[in-house]
Amino acid sequence: PMNGRELYQGQAKFSFQLGGWGKFALSGIGSRSTFRDYSHDLQFVPDGDATKRDKSYNLTGLWTHTLGSATFYTLNLSYLYKKFQEYQFENPLDTLQLINPSLPVKPLYAFNTFNTSNHHFERRTETRVAKFDITSQLDKLIQVKGGVEGRLHRLYFQDYNTTYDN
């Protein structure tokens, strides 16, 4: 329990050839972990520290379409999600889990014998990307490329400590 880590990861890719004129590929990668950092001060009460949770995945779809012997286009859509949380107790309003700050303070050169982490932290990021490219080979020396790309980002950040209130 002092420095435990649980980690799951995976990835997959599927490709489909549609005749001689198109191809679709879908790929995904993801991970999920739960862990605690080691705290020397809390070695006798390891459950008194916050647990960290990390989850992320990325999905990408790529469509390639051939318009002729010298021209093709690609459409790429992707979605990225990442979330990190750190807390000991999920419900921050549960006052039974908070330690009264008026309790005696531990001596300077001693280990904690009781503790709860009142810290709550969460960060989320979402990114969506759409990209369109077209390529045409005009002759042996001249190739023309063009495209557009759009991105949308959503960010969330929350960081606070709960306090004991009589």
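For the pair Thr127 and Leu152, the minimum side-chain heavy-atom distance is 4.5 Å or more. Between Gln85 and Lys83, some side-chain heavy-atom pair lies under the 4.5 Å cut-off. Residues Asp37 and Lys52 are in side-chain contact: their nearest non-hydrogen atoms beyond the backbone lie under 4.5 Å apart. With a 4.5 Å cut-off on side-chain heavy atoms, Gln143 and Thr135 count as touching.
Note that CG of Leu59 and OG of Ser78 are 9.0 Å apart. Values are rounded to the nearest 0.5 Å. Considering CD of Glu6 and OG of Ser33, their distance stands at 9.0 Å, rounded to 0.5 Å. Thr74 contributes atom OG1, which lies 12.0 Å from atom NZ of Lys23 (distance to the nearest 0.5 angstrom). Taking CG of Leu62 as the reference point, atom CG of Leu75 lies at 8.0 Å (rounded to 0.5 Å). Atom OG1 of Thr51 sits about 8.5 Å away from atom OH of Tyr87, to the nearest 0.5 Å.
Across all their heavy atoms, Leu18 and Trp63 have their closest contact at CD1-CZ3, 3.2 Å. In terms of heavy-atom proximity, Leu67 sits nearest to Tyr73 at CD2-CE2, 3.8 Å. Looking at every heavy atom in both residues, Arg151 comes nearest to Val129 through NH1-CG2, 3.7 Å. What you find for Ala130 and Leu77 is that their closest heavy atoms are CB-CD2, 3.6 Å. Phe89 and His120 make their closest contact through O-CE1, 2.9 Å (heavy atoms, listed as atom of the first residue, atom of the second, distance). The shortest non-hydrogen separation linking Arg36 to Ala50 is CG-O, 3.7 Å.
If you check the side chains of Glu126 and Tyr79, you find a donor sitting under 3.5 Å from an acceptor. Between the side chains of Tyr156 and Gln158, at least one donor N or O lies within less than 3.5 Å of an accepting N or O. In the model, Thr71 has a side-chain atom that pairs as donor or acceptor with a side-chain atom of Ser136 under 3.5 Å. In this structure, a donor-acceptor pair under 3.5 Å is present between the side chains of Ser31 and Ser56.
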- Task: Just do the side chain to side chain contact (heavy atoms under 4.5 Å, CB included) check on Gln9 and Ile29 with the steps written out, would you?
- Result: CA-CA 8 Å; Gln9 296 176 324; Ile29 187 168; over 6 Å; no
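A cation-pi arrangement is absent between Arg32 and Tyr8 under the rule of less than 6.0 angstrom and at most 45 degrees off the ring axis.
Phe84 belongs to a hydrophobic cluster whose other members, connected by ILVMFWY side-chain contacts under 4.5 Å either directly or through intermediates, are Phe35, Phe121, Phe157.
Every residue meeting the side chain to side chain contact (heavy atoms under 4.5 Å, CB included) condition with Leu26, not counting sequence neighbours, appears here in chain and number order: Phe24.
Salt bridge annotation for Lys82-Asp54: present, with a cationic side-chain nitrogen under 4.0 angstrom from a carboxylate oxygen.
A 6.0 Å sphere centred on CD of Gln17 holds more than 12 heavy atoms belonging to other residues, nucleotides or ligands.
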